[in-house]
Amino acid sequence: MAGAVELFKTGVEGATLGGFCPVMSGPRPHELRSALGADPKLANEVALTGSQSGTARHWEDKPNAGYSGTPMWKIKAQLQEQQASASAGPIKVPDGFKQVEKGQPLYYNDKRQVYWNAEDGKTYVYDAIMQRYSLLYDGNIYDHRMAVGSCFHEKAAQVRHVLVKDLAKAAQAMRMSVEHLDRPCALYALYEGHRGSPSSGSANACAEFCVKHLHQKLLPKLSAFRGFWEDTRLQVAMRESFEELDAEFIEKHPGLPDGCCAAVALVTGPRVVIASLGDVAAVVCMRSGEAQEFLKPHVVPGLDDDDDEDEDPRVAPASGHQPPIQSTRSLGDADFKKSDSSPRLLSTPDVKVLHLEQKHLGIAFVCRALYGAIGKSIAVSTVSKRCAPRARMAAGALVDAAVQWLGQVGELGLGSIVVFFDRIEDGPAHKRAKKEEPTQVRLRHILLKHRECKSTIDKVRNKQVKRSRGDAERLLRAVLEECQNDPGMKIFTQRCKEMSECQSCLKAGELVGDLSWVKPGKYGQNFDDVAFALSVGQISDLVDTDQGVHIILRSA
């Protein structure tokens, strides 16, 4: 604490309290100081007396000879300030705060681990990285919505993904807090494995490791500093998390050749921090129809048609030889991380921050084989515009298009994550009267079972269901395509009679598929999250429950 007090006393121009500099936060020692820049101003200035300055008023600036040397007008101003402070009465210190040092305006709350400044009445945190005080930041809540969905071909054994829709809750489960980050706050990741070995005990040990441990690297960093997170600081935290993840995997699995490429998105309010390592495509789609890869893929020269040369010449393959690996950066691949490896792979991702605006429709992470098969960013844009705001439908449509084009899939990594943004505003949501949520909604649905369901018996047709989850999703995606151009929902009624494996499909007329009035909790949280967000007459994206895969229509 003594060190903190000494820093507090340091003289800095522009400080509000004897050197207390309440600037907003910035990142880490060597990297972040250079990224954010230093204050070029000098800390000390020499005050000129009347005889030294031609423009000074010498009868006011004349030094108080024989005493402190301070001009009389300054002494008078100081006395007036002290009198005003005394007349204001004693300082009311917030509960739980204790003065750090007698005579100083700095108070500390040990339980909350924050400082209070008696001069401005504001709360601060100490930034250990930049070694300065920053204002405590209370995360804003933004009103925009996010719809996220994913789809992976059943033969994409080495591909793994993570969808954390509420990162604040995930942090609470780990006894950490990220309430200082703007909300919505979420984390999405796609890992495309390669060189998986049977001895690893899974299709790809590196992808499995990343799924379980990336958030364990990132969340402690995000929770450690409760000031405002600038873009640069977010980028550094993401890069460090990747590097630490790679080092830990190689340390724990030294003999495994498994590796993976990755694309990760951290959403915090109006910003999306996107990190790319390897060749997973990270595409940003616009409402105008344009789409482009947000970050350049890390691939060997000549592999990607859009790239004439790779940024790192050390990984260029020898003339006439096929490179043993197609990425120039990856997680894992321990045998290519040694100092004498050829090629030598890096584990540092490229990281950029996307500031959301109304023009942004969404983002998509797409496995490279799928991305190349469907026609790259043009196809992603076309599918996104056609399927928005149904993200899961869009992700599945990308996989369907690749399967149709390729014919034989083999072991190619075919998979994607799609995120759609809606109701993006210029600033945080203003305080408004809380909208009353319905206590019950009237719903109709189409249900298709699959072999992973709790019950695999189709009671309508009295037979065993043997289809895969992927087959059930493909059938329902086709229904959604038909319903998009049928505002009267006659197609929905017809397909419900023909396909649904819920006994509600036996009802007559417009009640086909009717679940009557549904209250929260009856069909599970996934079902409620979708059903209670629908408007009357609106049809949902695909929804999973233990009964199977649904599409839901809100009728009242």
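Keep in mind that the numbers below use all heavy atoms, side chains included, and drop hydrogens, waters and symmetry copies.
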Under 3.5 Å side-chain donor-acceptor pair for [X] and [Y]:
{"X": "Gln216", "Y": "His213", "result": "yes"}
{"X": "Thr348", "Y": "Glu243", "result": "yes"}
{"X": "Asn140", "Y": "Tyr137", "result": "yes"}
{"X": "Ser327", "Y": "His298", "result": "no"}
{"X": "Asp333", "Y": "His194", "result": "yes"}
{"X": "Tyr523", "Y": "Asp546", "result": "no"}
{"X": "Gln525", "Y": "Asp529", "result": "yes"}

Tell me whether [X] is salt-bridged to [Y], with the criterion being a basic N under 4.0 Å from an acidic carboxylate O.
{"X": "Asp279", "Y": "Arg329", "value": "no"}
{"X": "Asp246", "Y": "Lys337", "value": "yes"}
{"X": "Lys519", "Y": "Asp528", "value": "no"}
{"X": "Glu230", "Y": "Arg271", "value": "no"}
{"X": "Asp258", "Y": "Arg195", "value": "no"}
{"X": "Glu192", "Y": "Arg368", "value": "no"}

Look up atom CG in Leu106 and atom CH2 in Trp116, then write down how far apart they are to the nearest 0.5 Å. 10.5 Å

What is the distance from atom CZ of Phe532 to atom CZ of Arg554, rounded to the nearest 0.5 Å?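 Phe532 CZ to Arg554 CZ: 8.5 Å, rounded to 0.5 Å.
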
Taking atom CG as the centre, does Asp340 end up with more than 12 heavy-atom neighbours from other residues, nucleotides or ligands that are less than 6.0 angstrom away?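 Yes.
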
Cation-pi check for Phe225 against Arg233: NZ or CZ below 6.0 Å from the six-membered ring centre and within 45 degrees of the axis, yes or no? yes

Within 45 degrees of the axis of the six-membered ring of Phe209 and under 6.0 Å from its centre: does Lys252 put its NZ or CZ there? no

Is a side-chain N or O of Ser377 found less than 3.5 angstrom from the main chain of Gln292, in a donor-acceptor match?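 It does not hold such a pair.
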
State, yes or no, whether a side-chain contact exists between Cys260 and Cys206 at a heavy-atom distance under 4.5 Å. yes

Walk me through whether Val272 and Phe421 qualify under side-chain contact (heavy atoms from CB on, under 4.5 Å). CA-CA 11 Å; Val272 185; Phe421 303 106; 4.0 Å; yes

